[in-house]
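Start at 1 and go down the list; that is how both ligands and their atoms are numbered. Excluded from the calculations below are hydrogen atoms, water molecules and symmetry mates; all remaining heavy atoms, backbone and side chain alike, are included.
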Amino acid sequence: MEKIRWGIIGPGKIAHKMAQDLLTLDDAELVAVGSRSLDRAKNFAAQYSIPYAFGEYADIARFDEIDVIYIATPHHGHADHTIMCLRQGKGVLCEKPLAINSYQVDRMLREAQANQVFLMEAIWTRFLPQTAYILEQIANNRIGEVHSIKADFGFSANYDPTGRLFNPYMGGGALLDIGIYPVFLTLLLFGKPDHILANAILGATGVDEEDGILFSYHGGRMAHLHASLRNLTRSEAFIYGSQGYIQIHTRWHQPPGQVTIVNKGERPVTRYFPETTNGYAYEAAEVMACLRNGKLESDQLNWSFSRDLINVLDAIRQQLGLVYPQDGTRMP
Ligand SMILES: NC(=O)c1ccc[n+]([C@@H]2O[C@H](COP(=O)([O-])OP(=O)(O)OC[C@H]3O[C@@H](n4cnc5c(N)ncnc54)[C@H](OP(=O)(O)O)[C@@H]3O)[C@@H](O)[C@H]2O)c1
């Protein structure tokens, strides 16, 4: 089988983890890296034996010997960097959130469609074995009728008003960085909410440092979600049903996975999902399967899902009064 040739844009923290995981996949080849600095690109390339290093993102986007590019820049770069690659006919796996707002995501999806190239948001949790297991347990009615979700994700971030977590220009705040995971889980299981109630503590830079979000659905479903950049929280997820519940143990969004099924009248069953990679190999494998099958989007995380997700994130931000410079006049 011919290898799928990967490039990486933005050789920062997450790019290292993805590079390590790509090296574990037999049918993947990490061919090039693009940085804003040639020295940084060369440095990264040397660590992973990557043959080509570029000191301009535009150069790697133009490079012919690549099938797909992983965009690992901060949130505010996702839209422009993705569109640049799509216009050069390169498939794109773009880190979450796909962009800062719906307006940017719509532009990206239009470009992927117009250029007939693959695009997927890198929500790695979707492709972890523990997620498949949970979906299977729910489909098999293991906890009865599912009514509610309680999920959180929090850590105590080092405060840097100019860094990507707190800087409004970079799409800072808890919601887009980590709150996106509980929101993702809820959309995966329940779809878009009919009603949203959200509140946040906005910090000195104006971004949300802690969010409390309630979703409700016609028909009686609910989700209670919490994200924090200032507290270390349990980072667990619970899915409650009429006959029991599923607990996805901390940290629920990442491997190794541990999932307990509690069904009334039965002994709880815990399943472990050990992991040898960083956990990014699964989403990369999905990208490659899609490319080999000539697909523009993944069935498991399609464009419509990413559009719903950013629409919900926008709606939450509207309630928080959280406006980014990129929103212009299009947001609250
Ligand atoms: N899926 C996950 O588990 C996960 C985990 C962490 C982060 N992420 C996502 O990955 C993205 C990157 O996060 P990260 O923590 O890896 O970020 P990071 O290390 O702070 O930055 C990544 C790279 O982006 C490039 N970059 C481009 N414009 C930049 C700017 N204006 N300021 C700073 N760097 C800039 C830099 O590389 P060059 O200058 O060398 O080009 C930098 O090394 C975020 O969108 C985040 O949501 C995902």
*Asks:* Please determine if Arg126 and Glu283 form a salt bridge, counting it only when a charged side-chain N lies under 4.0 Å from a carboxylate O.
*Replies:* no

*Asks:* State whether Asp208 and Arg317 are salt-bridged, where the test is any N-O pair (Lys NZ or Arg NE/NH1/NH2 against Asp/Glu carboxylate O) under 4.0 Å.
*Replies:* no

*Asks:* Could you check whether atom OH of Tyr159 has more than 12 heavy atoms from other residues, nucleotides or ligands sitting under 6.0 Å from it?
*Replies:* yes

*Asks:* Considering only non-hydrogen protein atoms, determine which one is nearest to atom 19 (O) of ligand 1 and report residue, atom name and distance to 0.1 Å.
*Replies:* Lys13 N, 3.0 Å

*Asks:* Which of the listed options, Arg164, His78, His76, holds the heavy atom that is closest to atom 13 (O) of ligand 1?
*Replies:* Arg164

*Asks:* Could you go through the ring pair (Phe, Tyr, Trp, His ring centres under 6.0 Å) check for His147 and Tyr240 one step at a time?
*Replies:* CA-CA 6 Å; His147 292 136; Tyr240 297 108; over 10 Å; no

*Asks:* In the protein, which heavy atom is nearest to atom 24 (O) of ligand 1, and how far is it?
*Replies:* Pro74 CD, 3.2 Å

*Asks:* Measure the distance from atom 47 (O) of ligand 1 to every protein heavy atom, then report the residue, atom name and distance (to 0.1 Å) of the closest one.
*Replies:* Lys96 O, 2.7 Å

*Asks:* If you measure from the Lys or Arg side-chain nitrogens to the Asp or Glu carboxylate oxygens, is any gap between Arg5 and Glu65 under 4.0 Å?
*Replies:* no

*Asks:* Run the salt-bridge test on Lys90 and Asp67 with the 4.0 Å N-O cut-off and return the result as yes or no.
*Replies:* no

*Asks:* Quick one: are Tyr282 and Glu275 in side-chain contact, heavy atoms under 4.5 Å?
*Replies:* yes

*Asks:* Does some non-hydrogen atom of Pro11 fall short of 4.0 Å from ligand 1?
*Replies:* yes

*Asks:* Which is it for Tyr169 and ligand 1 at heavy atoms under 4.0 Å: side chain, backbone, both or neither?
*Replies:* neither

*Asks:* Quick test of your reading of the structure: of Arg36, Met170, Glu121, whose heavy atom lies closest to atom 34 (N) of ligand 1?
*Replies:* Arg36

*Asks:* Is Ala72 close enough to touch ligand 1? Criterion: a residue heavy atom under 4.0 Å from a ligand atom.
*Replies:* yes

*Asks:* Applying salt bridge (Lys or Arg N to Asp or Glu O under 4.0 Å), name anything that partners Asp177, two or more places apart in sequence or on another chain.
*Replies:* Lys96, Arg164

*Asks:* If we only consider heavy atoms of Tyr57, is any one of them less than 4.0 Å away from an atom in ligand 1?
*Replies:* yes

*Asks:* Please evaluate residues Phe153 and His226 with respect to the criterion ring pair (Phe, Tyr, Trp, His ring centres under 6.0 Å), reporting the C-alpha separation (whole Å), side-chain torsions for both, the decisive distance (0.1 Å), and the verdict.
*Replies:* CA-CA 7 Å; Phe153 188 167; His226 175 211; over 10 Å; no

*Asks:* Passes ring pair (Phe, Tyr, Trp, His ring centres under 6.0 Å), Phe215 versus Phe190? Steps please.
*Replies:* CA-CA 10 Å; Phe215 289 167; Phe190 293 171; 9.3 Å; no

*Asks:* Could you tell me the residue and atom name of the protein heavy atom closest to atom 38 (P) of ligand 1, and the distance to it rounded to 0.1 Å?
*Replies:* Ser35 OG, 3.4 Å

*Asks:* Can you check ring pair (Phe, Tyr, Trp, His ring centres under 6.0 Å) on His195 and Tyr217, steps first, answer last?
*Replies:* CA-CA 7 Å; His195 187 253; Tyr217 294 77; over 10 Å; no

*Asks:* Nearest heavy atom to atom 5 (C) of ligand 1 wins, so pick from Ile14, Asn278, Ile8.
*Replies:* Ile14

*Asks:* Specify side chain, backbone, both or neither for Asp177, according to which of its non-hydrogen atoms lie closer than 4.0 Å to ligand 1.
*Replies:* side chain

*Asks:* When you measure from atom 3 (O) of ligand 1 to every protein heavy atom, which one gives the shortest distance, and what is it?
*Replies:* Tyr280 OH, 2.7 Å

*Asks:* What protein heavy atom is closest to atom 43 (O) of ligand 1, reported as residue, atom name and distance in Å?
*Replies:* Gly12 CA, 3.2 Å

*Asks:* What is the nearest protein non-hydrogen atom to atom 11 (C) of ligand 1, stated with its residue, atom name and distance?
*Replies:* Thr73 O, 3.2 Å

*Asks:* Any heavy atom of Tyr70 sitting closer than 4.0 Å to ligand 1?
*Replies:* no

*Asks:* What protein heavy atom lies closest to atom 48 (C) of ligand 1? Include the residue and the distance to one decimal.
*Replies:* Glu95 OE1, 3.1 Å

*Asks:* Just jot down the ligand 1 atoms closer than 4.0 angstrom to any heavy atom of Tyr181, in number order.
*Replies:* 1 (N), 2 (C), 3 (O)

*Asks:* So does Glu266 pair up with Arg142, basic N to acidic O under 4.0 Å?
*Replies:* yes

*Asks:* Check whether any N or O atom of Arg40, backbone or side chain, sits under 3.5 Å from an N or O atom of ligand 1, and answer yes or no.
*Replies:* yes

